Amino acid sequence: MELPTRYTPADHEQSIYELWEESGGFQPTPDPTGEGRRFTVVIPPPNVTGALHMGHALNGTVQDIVIRHRRMCGYETLWVPGTDHAGIATQAVVEKRLFQEEGKKREDLGREGFLSEVFKWKEEYGARILTQFRRLGASCDWTRTRFTMEEDMSRAVRVSFERLWQKGLIYRGMRLVNWDCVLETAVSDDEIENVERKGKLWYIKYPLKARPGEFLTVATTRPETMLGDTGVAVHPDDERYKELVGTTCVLPFVDREIPILADDTVDAGKGSGAVKITPGHDPADYERGARHKLPTIIILEKDGKLNQEGGPFAGLSRELARKEVLAKLEELDLLEKIEDIVHNVPLSDRSKSVIEPLVSEQWFVKMEPLARPAIEAARSGRLQFRPARWEKVYLQWLENVQDWCISRQLWWGHRIPVWYDEDETPIASSEPLEIGSPHPDTGKPIVRQDEDVLDTWASSWLWPFGTLGWPQETKDLHSYYPTQFLSTGRDIIYLWVARMVMAGYEFMDQLPEEERCPFAICNIHATVLDAKGRRMSKSLGNGIDPVDMIEQFGADAVRYSLILLTKEGQDTKLAPEKIDQGYRFGNKVWNAARFVLMNLDGERLEGASSSAERLEDRWILSRLRETISSTQLALEEYRFNDAAMGLYAFVWNDFCDWYLELAKPRFSNPDDPTGPAVRGILSRVLGDILGLLHPFTPYMTEILWKARAEALGQGEVPMLMNSAFPTGDRLEADVEAERDMERIQDVVRAVRQVRMLTQIGERKPIEATISAPKSEDLRALEQHKPAVCAMAHLESYEVAADVARPPGTVSAVSGSLQIFVRLGEEVDLEDLRTVFEKRLGKMDKALQGIDKKLSNPRFVENADPELVEADRARRAELELEMGMLRQNLEGF
RNA sequence: GGGCGAUUAACUCAGUGGCUAGAGUGCCUCCCUUACAAGGAGGAGGUCGGGGGUUCAAAUCCCUCAUCGCCCACCA
C-alpha cells in the first residue's frame, strides 16, 4: 500500500467506517475469555431537532473511547444509540416552520394532522445527528437504534405511568406552575432560567377601607398582577404596620376588599415592607395564600391575555395591561414612586419568553419516595460521579426534590394514558381504553382520554432499560442491564441523570437491589466554550461546528484534540486552530508508520521482543511496557486526558525522536547484523502504538494496521477494531536500560547544546572526551558508543573515570558527566557562558534550598529517611556539577 | 443569600506536600538530515492572583480577600 506523505482523512474515513459496520464489530460479541464480561453504554439521546455540536463531539468521543477500549479488551460491548423526541423543543420548531412557510397554526391542522407533520419532520431531520455521530467514528450498534416516540417506548411509558398510578405516586391537582405563554404549556422548574434584567419597582398605594384618604403602599415589579391580589402581608414585628393588621384595604379598579395580614416570610426591609399577595400568579404568594386561606384568582388566559378578572383591562396582553394599569394608577394618583432595580426574570428555556406563574390543573409525580433509593445509590458508592464533586449537586437536588409536574399542554409527546368516564373519574391504563368501553373501576363508559401529553423526561428517564426492551423480559434486558458507564453534560444532572436513577430503582424491581442502578459511573464531561470563554450558542454565532472541523482536519484530529484539551471535567476554550494539534499528532504517527513500513519489506518478523540487541531496543520495549500499563490503567479509570497525553509523549518523544533516529543507521546499513532485530522491534512497537491509539484515533490507526499487515506479508488480518488491546505481557521493565538511556540522552543533549551555542554546527563531525566518574555511567558510555555517536554526530570519543580538560576544548556538563569537545580557532563562547551562568544561578538556589532542609534537624528527624538520603545525594551531585561549571567558566 | 469551579510562561492548559515548576502554541537562533519543514536541534520566558496561617518543607493543605465563570435559592 502506498501511503502519501501527509495523512488525508477525507480519503479514508467513509470506507473505513463502512468496513467496521459490515464487520459486525459494532454489535456485541461474547467475551472470548468465557468470563462473560459485558460492558454497556447508552447514548444520551440527542434531540431530533439537533445537529452535532462540540459538546456532542466531546461526549461521543469519550463514550467511543470507552467502548472501543473495552471491546478490544474482550468485553462483550454494546453502545446503544438513539434520539429523543424532545417534546417542547421539537413542537416549537415545527410550529414555527409551519407558520412561517404556510401561515398555519397547529389548530388549523388538528391534532392528527399536526402530529403527522411532526413525524414527517422527524423522518427528514431526525437521523441527521446520528449520521454525524457516525462521521465522528462512533461505534454504536445501529441495529439497536431507538427513538423515544416509537411504539415500544410508548408502551414502556404507559406501563411506567400505570405502575406509578397504582402505587399512588401520581396525582392531579390545581397547582402553581410555570406557564409559557408562547408555547401555551406548563414547563417544569428545571426548564426555566432566571435572567438578570433591569426593571422597575412600582410603589402602589392601596386605599385603606377604614380610613378614607389613607393608604398602604405595596411595591411590585409586576403591577398588572394586582388584579389578582387577594391580600396584603406585612411582617408581624413591623411597627409601621402593626395596627393595620386585621384591617382591610380596597383594591383599585376591581373594588375588591382584601385583608391585611401578618406573615413572617415578609422582609420588612424590601420595598415598602408590605407585599401584595397574588396566589394565582406568584410562587411565594401561592404559599402565603394557602397559609392564610386566601382565595386564588386567575387573571390570565393561556396565551397571556387578561381574562374577565382583569376588569377594565380584560382582553389586553400582559405587556399592554401593565402599561394601562400604570397609566390609570398615575391618573388616580395611586402611584407613589418608581425605583430602578435589577432583578431576576424567569425565562422559558424553549421559547425564551417570560414565564408567568399560573395556577392550573396538572398531573404530578410524588418524588420523595422515588428520590430515596437514588440518594442511597450515590451515598453507598454504587453510583459514582466523575469528577466526584458532581455527586453533591446530584444529592442536593434529590434531597430537596419537588413533585414533578409531568403534564404538558402540547401535542407532540406521549399522550397521558388516563381515561375518564362520564363522571370524569380518571383511570390510568397501559393498554389504551376504547371509547365506550367500561371504566375498570366504575363500570361506566369511558368517554375520553386526557388531552395532555407527558413531559419529555417521562420517556427519557426509562432510556437505560426501555432501549433494551423493558417492560418485556428480553434477552437484551437480561444481558445488558445495568450499564457500566454514562457520560453526559452537567446541565442535565437533575433533568435526566437523577430521574434515570430513580426510574431504575422503581421499575427494575425484578432485579436485586444492587443491580437496579442503571449505571455504575456517571461521567460529567467538560463544557466546550468559545475562545473567549463564552458558551457556544446559536444566538452569539460563536459555535464551532464539529462537522466542519471533521471535514477540515479529520475525525481523529477532532477526537484527539478534544481529549488533549479537556482534563477530566475541566472546561476548555476551543478555537478551530486548536484542532490542529490533534491533526499534527496524527500526521506524526502517520509518517512514523510510513517510515517503519517502507523499511519492512514483507519480512516475517517474529519474537521481536526477545531479540533486543542494543540498549535502545531494550529501552524502547521497557518504555512501551510502561506506556501500555499506564494507558490501560488510565482508561480503566476513565482518565482519558492522562492516557492521551501519555501516548503523545511516548510516540513523539520516545519513539520518533529517539528510537527511530537510533534505528535509522541500523537498517539503512545492509551489513548491520542487528537489522532484522530492529525491524522486528519497530514493527512490534508500531503495532502496539496503533492498538493503544485506536480508541482515540480509530480511522487512522485502522488504515495503518492494514498497511502494516501488508508490509509484514501477513495478508488478511482482523480489523484493529476487533483486535486485542496491547498487553505488556511479554515485556519486562528494564531499569538498567532506562537509566543508561537517560545518561546517553544527557550526553547527546549536552553536546548538542555546546554545538548550537558555540556555532560549531550541528552535524560537523567532531571528537570528544568524556569524564564519567560514576562507574555505571562509565560502563554505559563505553558500552553504547554507537548510539551516542549517532545521535550527537561524534566521530568517536574516549571515556574515562577522571579526565582533566584537554587544552583547546570546551566542556559540556551534565550531572557528574563532563564532555570535552575540541573547538575550532575562532569560537564565540559568550552564549555558552550565559547559559552556564544562568544554570549556575538556578543550581545555587536549589543548593541553598537543600542546605536549608538538611541543616534543619527536624527535617532530618521527621522526613522519610529515603527522602533525606535522596537530598544528600542530590546535594553532592549539585556541588559536583556546579564545581565543574565554575571551572569551565574560568577557562572561557 | 448558598454552593461549585477557575486564577501557574505572551496564549491555552498540566502539575495536590519534597528533583533546577512542565507541555502545546507563539517568540529567537540554526538546520530542506533520504518518515514528517504541519518537521528536527538549541534557546529565551514564570516572585504559581493578593494577604495571613499550618508544616522541617506549600503552586499543592487551612483561613481570608480580589477577579472571572457556572449552578442552586420564594426573586415583592
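Reminder, nothing fancy here: chain letters follow the sequence lines and each chain counts from 1. Note that the coordinates shown come from a computational prediction; the quantities given were computed from them, not determined experimentally. The figures here come from the full heavy-atom set of this structure, side chains too, leaving out hydrogens, waters and symmetry mates.
For the contact set between residues 268-290 of chain A and RNA chain B, defined by any heavy atom under 4.0 Å, the members are A:K270, A:V275, A:A284. Against RNA chain B, the stretch residues 556-565 of chain A makes no heavy-atom approach under 4.0 Å.
No N or O donor and acceptor, one from the side chain of A:E568 and one from the base of B:A14, sit under 3.5 Å apart. Between the side chain of A:N194 and the base of B:C75 there is at least one donor-acceptor pair of N/O atoms closer than 3.5 Å. One N or O donor and one acceptor, one from the side chain of A:K588 and one from the base of B:C36, sit under 3.5 Å apart.
Applying the 4.0 Å criterion to OP1 and OP2 of B:C4, one finds that A:K392 has a side-chain N or O inside that range. The phosphate of B:C56 has OP1 or OP2 within less than 4.0 Å of a side-chain N or O from A:R858. For B:G42, the OP1/OP2 oxygens have a side-chain nitrogen or oxygen of A:R752 closer than 4.0 Å.
With B:A35, B:G18, B:G39 as the choices, the nucleotide that has an atom nearest any side-chain atom of A:L867 turns out to be B:G18. The side chain of A:N591 sits closest to B:C36 out of B:A41, B:C36, B:A76. Comparing atom distances between the A:K664 side chain and each of B:A35, B:G15, B:G18 picks out B:A35 as nearest.
For A:Y7, the ring pair (Phe, Tyr, Trp, His ring centres under 6.0 Å) partners two or more places apart in sequence, or in a different chain, are A:W590.
Rounded to whole Å, the P atom of B:C28 lies 34 Å from the corresponding atom of B:A6. Remark: the separation of the P atoms in B:A44 and B:U29 is 15 Å, to the nearest Å. Remark: the separation of the C1' atoms in B:C32 and B:G39 is 10 Å, to the nearest Å. Taking atom C1' in both B:A23 and B:C65, one finds a spacing of 32 Å when rounded to whole Å. When the C1' atom is used for both B:G45 and B:G26, the distance is 11 Å, rounded to whole Å. Rounded to a whole angstrom, the distance from the C1' atom of B:U8 to that of B:A59 is 7 Å. When the P atom is used for both B:G24 and B:C31, the distance is 23 Å, rounded to whole Å.
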* Asked: Could you walk me through whether A:Y206 and A:F215 pass the ring pair (Phe, Tyr, Trp, His ring centres under 6.0 Å) check?
  -> CA-CA 5 Å; A:Y206 284 1; A:F215 304 92; 9.8 Å; no
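Checking B:A6 for Watson-Crick or G-U wobble geometry (two distances, each under 3.5 Å) identifies B:U67 as its partner. Across all strands shown, B:U55 forms no Watson-Crick or G-U wobble pair with both key distances under 3.5 Å. Judged by Watson-Crick or G-U wobble contacts below 3.5 Å, the nucleotide B:C36 has no partner. For B:G24, the paired base is B:C11 (Watson-Crick or G-U wobble, both distances below 3.5 Å). Pair assignment for B:A41: B:U29, on the basis of Watson-Crick or G-U wobble contacts that are both within less than 3.5 Å. B:A73 makes up no base pair with any nucleotide shown, lacking Watson-Crick or G-U wobble contacts both under 3.5 Å.
In this structure, the NZ atom of A:K845 is 10 Å from the P atom of B:U20, given to the nearest Å.
Put simply, the side chain of A:N641 never gets that close to the backbone of A:E568: no donor and acceptor are under 3.5 Å apart.
The aromatic rings of A:F553 and A:Y583 are tilted relative to each other, their planes meeting at an angle between 30° and 60°.
Within the nucleic acid shown, A:A592 comes within 4.0 Å of at least one base atom, counting heavy atoms only. No contact: A:E577 has no heavy atom under 4.0 Å from any strand.
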